[in-house]
Structures are given as structure tokens and as C-alpha cells.
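Okay, structure first, notes after.
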Amino acid sequence: MSETEPIPQAVARKPGPRSLQLVWLIPIIAALIGGYIALKAVWERGPTITLRFLSGEGIEAGKTRIKHKAVDIGTVRAVGLSADHKSVVVTAEIDRRAADGFLVEDTRFWVVRPRIAGGQVSGLGTLLAGSYIGSDPGKSQVERRDFEGLETPPPITSDLPGRQFTLRADDMGSLDIGSAVYYRGIIAGRVVSTEISKDGRAGLVGIFIHAPYDRFVLQETRFWNASGVDLTVDASGVNLQTQSLVTLLLGGLAFETPPEQAGAAVADAGSQFPLWSTRSEAMRPRDSVVETYRLVFHQSVRGLAAAAPVDFRGVTVGEVRAIELEYDAQKIEFATVVEIHLWPERLRGRERDAAKSSNEKLTPAQRLQRFVAHGFRAQLRPANLLTGQLYVALDFFPKAAPARLDLARTPPEIPTLPAALGEIQESIASIAKNLENVPFDKLAADLRRALGTLEGTLKRADTLMTQVSTDLAPELRATLEQARRTFSSAEQALSNDSPVQGDLRGTLQEVTRAAEQVRALADYLERHPESLIRGKRSAGESK
Amino acid sequence: MTATAARAGLLLCDTCFQVNRADGLERPACARCGAHLYARKPGSLARSWAYLLAAAILYVPANMLPVIESGSLFESQTDTILSGVVYLWKTGSQFLAIIVFTASIVIPAAKIVSLTVLLASAQRRSTWNPLWRAHIYRVTHYIGRWSMVDIFVGATLVALVQLKAFASIVPGPGAVFFGAVVVLTMLSTHSFDPRLTWDPVDERHE
């Protein structure tokens, strides 16, 4: 190229629209997007809660999720120890959308780990993916930010339809959280809690009955422990009852309403029922009305025990609850106070016909007061002469000294009569009479004579024994010696290398040879019978 | 006084590289291909600033939001660039961690910073250390394309790991912002006219 070549002249261009300022839209849009994201992050940043657990096993900061119905609602932000180093404090952030109305007083949190309990396996997914924190929203309105975590997952979540009841049991048996509650063989609910009552005298079993079945729990429903085998032997024979095999192994409860109580009202949620140990015990008719009375005896009540029957003409109408001693400081004497429970329903008069019934409506106690005026008394009677057990008998004693039932006292006192000693005395007297007839002196003489004879016999036996030991013993020894010698010579004679044996063997061999000879002779004779007459031929002739 | 094309009234066509004589024309166009002719990129500083500002803004969500959401049979996990680096470092791949950290965090940040320096100095018509600034410009221009490493890795993984229920990888929103940051810084570099660095220097020499 050279300088001579001209540089072309630029041409003029038509003016166009200037779009320079449009470039500023880009940072504006970027700022809008960035701002939106930042605002969203701030807006969605939910409240922070703290949870306390006994163990931080499987909980990782930044990784462990908080879930409800398997949906993530939050993340654990930090895991640390409490100030006293006794529990683990987990700080977690809950999504704002999930947090609304979720973080209330009775919301529950627990760590979901693989678990095998009550015949159920749960949380298997966490084996590989790691634990997470499960949650169950509460129904309270009071907001809360710090929670005590549960150690085991609650068997029932709050959104399940159904109702919860409490059972009072003397013994839990094999019941555990998660044990099934059966209604006519169908699993109608589960045991959700087991605890000991505040006074420590009974176990409280919390159960949850699912919705369609909870209406079968009436006020008169009976619950019993179906964990075991109920084997009863009674007048009707052997009776064996079990629930399913699973309950046998894992424990379970069952409930049923006695048919005669089918009309009872549906029980309120949270009501308490007694837990009976067997179905037969549970379904026994109950005396709903129980009245307490006290009896005062001025005699020994040895043989009377709590739960002893209170009997009216052979029908049990109550039972003994307690026996106590009372000291009267003025009279300086002791009285035995027996507290009894009466089931007045069993004492009820035949007043089915309302028209014939007395016009005045008497309470059972008032009725009893009237009875007492007519000689109604309590008395201790022996139930069993051999064991000395007593029972309380109620009866009318028209000749008894007048007394009255003081209803003002609690419990009212039913007047008593001294024990029915008459009967006992009578029988004892007859025994004594018979004893009198026994000729004791004659018996004694006989006995003495018999003893004398026995003494003579013993003496003779003694002399015999000495004779035996002095005369017989040396003889016996000599005999034994001789016997031993005989045995040893016999042993020699019989041993393998003894001359007798050798001789015997030689003899036997001889005998064998002789027998062979005889056989040869016999053979020969068989073939040549004529030889008997002609004599044995020479070898040459025989051919 | 240094002789430059602009002073000689000559303009180079950016499209066909034809040298043209401007001769005081108000709006010159290339005699050969008809493209716009200008001594310095029009609005270079403003454009660069705009792109740079946008890139700086988006740099924040690019690093805060997850770039990859991986899900396996039992759990799902979201990773931002930084958490990925931490994960690589913790699991023993320190070398990879350094590469990813450099390519994805240091380089974009360095680009934003160096562009800011270049733009600010050009705007103030500073004569400070022009050689060094020219060097920065070249390096910035050169390394721009390498910042996309993360996006490439993500794109490859997303395409490869699609086993439905067992394992899947999905790009997160952070990836979009990260890509935008890289593109915007490249645009910013591209819009910057390096001749602006030298203009004040030449003027001072006069």
C-alpha cells in the first residue's frame, strides 16, 4: 500500500433514534429482582424456636428438617447443650407460612428415628436419610417459642378424630404405649400413655379410641386387660378366654358394655374408668350404690378380714372394708370398729309395684333406721370352724335391747350383738359331755399294763441281741473265711492256665479225634456194609 | 503529542475494519459497509456502568440462592456455590474446592472490582498508571469466559443425573443469577472502550 491510495471518505448517516439510556433499564431490572428476592427471604424468614431433647442423636445443624405430615416446615439451625449440660437445646427456624397458629402451647415435637415398639416398626426411612424432627400442632391459642421435645413419638396425633379416656389399673400387666384396644375383636384404639397416679396407688393408662368406635364407650362401659389368658374353673366348668395371639404377646385392652347397661349415656372425653384384670371380673354386675356403716364390737375380731362378706340370711349384701381399734380413754377400754360397705340395692324391698309401695320415699339409710328399730343387728359369726374365719351377719333379733341408728354420724353405726357364742358353746358343751363319758382311769390302767408288757419284751430282745453278738459272730467269721478259701481255689481251678483247663482241653481234643474216627468208620460202613461181615478189604481189592 | 487516528481525523470501522476519513461529518458512516463510525464507543462509560451495576446487584442472589437442588431416594439437598465449596473441602477434594472457589466466587468478584476501578479512573480522566490499567483490562477480558465453569458443571449434572425417584438434579434459581452475573460482566467489559484509558494520558502529554 502507498500513501497515494486515498482513504475513503466517510458518508453522512441519517440521524436515528438514540437508545443509549435504555441500557439503564438493565440495572434497574436487576435491582428490582434482587430486591424482590431479598424481601421475599426476609418475609419468609419464620420465627425461631428452641426445643429441648434428652439426646441430640441424629440432629445436625443446617440439615435436620422439622416436618409435619412428612412436609418440611423448618430447619434446625443450631444444636447445643443446655446451661446445666443435662439436655440438648435445638434451635430451629420455622417457615413463616407453616408457623401461623402452629407454635402454640401444646404443640409437640419429637425426633423420628427408626423404632421398633408395640409390634410396629416406624421411621425406617430415617435409617438412610437421617433423623428428622416430627411435629404435631396443638389446639391451644397461646403462642409459644420454646418446647420440651418428646422422647418417643406420640402414638396419636391431634388431628385424628376420636376421644381419649383414662383407665385406672392396679397392675399394668404387659401394657405399653401402642398396645391395641379391642372392641369386639377389632382394634378400636391404642394405649397412648402409661403413668402412675399421683398418690402412687394405681397405674393410669391413657387410651385413645378412634372416631367410629368412640361412641361405643358409654358411662357404664367396662374395660379389661386382654393381655393374658383368662382361665376360670367354676361350677359351670372350665372357661378359657383370650383375645388375639398378638395381645397375648404384646398386651392389649378390650372394652364392652354390659347388655343391661346399653342405654347408658356416651362417656365424655377424658372420663376415667377402672381397668379390670379379666373380662369376667369386668362384666360382673356392679353395685353402683355403696353405703358405708360402722359396727362396734367389744370382743376379739380375730378371723375377720377386710373383704369378708356381710351376709343377710345367706345373701351377701356387703363387705368388710376396714377393721380398726378405738381406744376410749374415759372407760379405759378398747373397741373394735369394723367399717362395712352395704349395697342397699340388694336389700331393696319388693316395691316394684309403685302403687303398693309406701307413700313416703325412704332413703336406704332411713329404711335401715326403721329396720334397726325393729331389731336389726350386726353380729360376728364363724364362717368356718376349722380356720376360724368370721363374717358379719345382719339379721333381725326382735328380743335385742332397743337401739337406734344415728344417721347424723358419718358413717352411721349399726348396733351390734355379741357374737353368736350360744351355738358354739352348745357344741362345745356336747363335746365336753362326750369327753366326760370317756373312762380315762380305765384307759390309764390299760395303758400302764401295756407299757409293762412292752418293757418285758424289750428286755428279752436285748438278751437275744447280746447272745447273737457273743456266740454267733465268731462262728460267722470262720464260715466267711472258709467260703473265701473255697472261692479262691475255685477261681484257680477255673483260670485259663490252670491244669484242669489244660486237661479238659486235651480231653476235648481226644474226643474230637474219636468222633472223627467214628464218622470215618460210619462212612466206610455206609459204603461197604459187607465189611461188617467180611472184614476190611485190602487197598488193592477196593478198586 | 502522540499521533492518533482520531487526531488525524481518521475513523476505523468496527465492523469491516475499513479506515475512513471523518472530515467533520456530524454522523459518519463507513464508506464500505455503512456501519456507524465513531472515534470512541458512544456512551461507553454509561453502558459499562449500567452493566456493571446490574452484575454487582445480581452477584448477591447468585451466591445466596441454591444453584443445584439434588434429590435422592430419601432426602433432598440444596447447595449454594459456597456450600458446595465447603462440602468439597470437607470431603477431601480440596483441589476441586479451590478451583470452584476461584472460578465461581473470586473471578466474578475480581472482575467487578477491576471494572469498577477501570470505569472510575476513565470517568475521572485519571492518568494514574495507564499501563497497569491496560493490563487489568486485558486480563479481565480474557478470564471472563472461564467464570462459567460452575454453570457448565451444573448443566452437565442436570442432564446426566435424571433417575427420577432415585436421584435427580435440578438447577436452582441461583444458577440463573450466576449466569446473568457472568454475562453482564462480559457485556460491561465489552462496552468499555480501552482507548478511554489513554485519552487523558495523551492530553496531558500535549
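All chains are named by letter (A, B, ...) in the order of the sequence lines, taking the proteins before the strands, and each is independently numbered beginning at 1.
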Portion of [X] that has a non-hydrogen atom of chain A nearer than 4.5 angstrom:
X	result
Pro28(B)	both
Leu184(B)	side chain
Leu52(B)	neither
Leu10(B)	side chain
Val19(B)	both

message = Please check if the number of heavy atoms outside Arg124(B) that lie under 6.0 Å from its CZ is greater than 12.
response =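 Counting neighbours around CZ of Arg124(B), 12 or fewer heavy atoms of other residues, nucleotides or ligands fall under 6.0 Å, so no.
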
inquiry  = Quick check on His210(A): does its NE2 atom have over 12 non-hydrogen neighbours (other residues, nucleotides or ligands) under 6.0 Å away?
reply    = yes

ask   = Between Ile37(A) and chain B, which part of the residue has a heavy atom less than 4.5 Å away: side chain, backbone, both or neither?
value =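 The side chain, not the backbone.
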
task = Sort Ile29(A) into side chain, backbone, both or neither according to what part of it lies under 4.5 angstrom from a heavy atom of chain B.
result = neither

Considering all heavy atoms, the nearest Arg21(B)-Gln9(A) contact =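 Residues Arg21(B) and Gln9(A), closest heavy atoms: O-NE2, 3.3 Å.
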
message = Using every non-hydrogen atom in the two residues, find where Ile57(B) and Ala30(A) come nearest and quote the distance to one decimal.
response =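 For Ile57(B) and Ala30(A), the tightest heavy-atom pair comes out as CG2-O, 3.5 Å.
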
task = Between chain A and each of Ser83(B), Ala54(B), Ser191(B), Cys30(B), count heavy-atom pairs under 4.5 Å; write down the option with the most.
result =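 Of the candidates given, the most pairs with chain A belong to Ala54(B).
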
task = Considering only heavy atoms and a distance below 4.5 Å, find which of Ala55(B), Cys13(B), Ala31(B), Ala29(B) pairs most often with chain A.
result = Ala29(B)

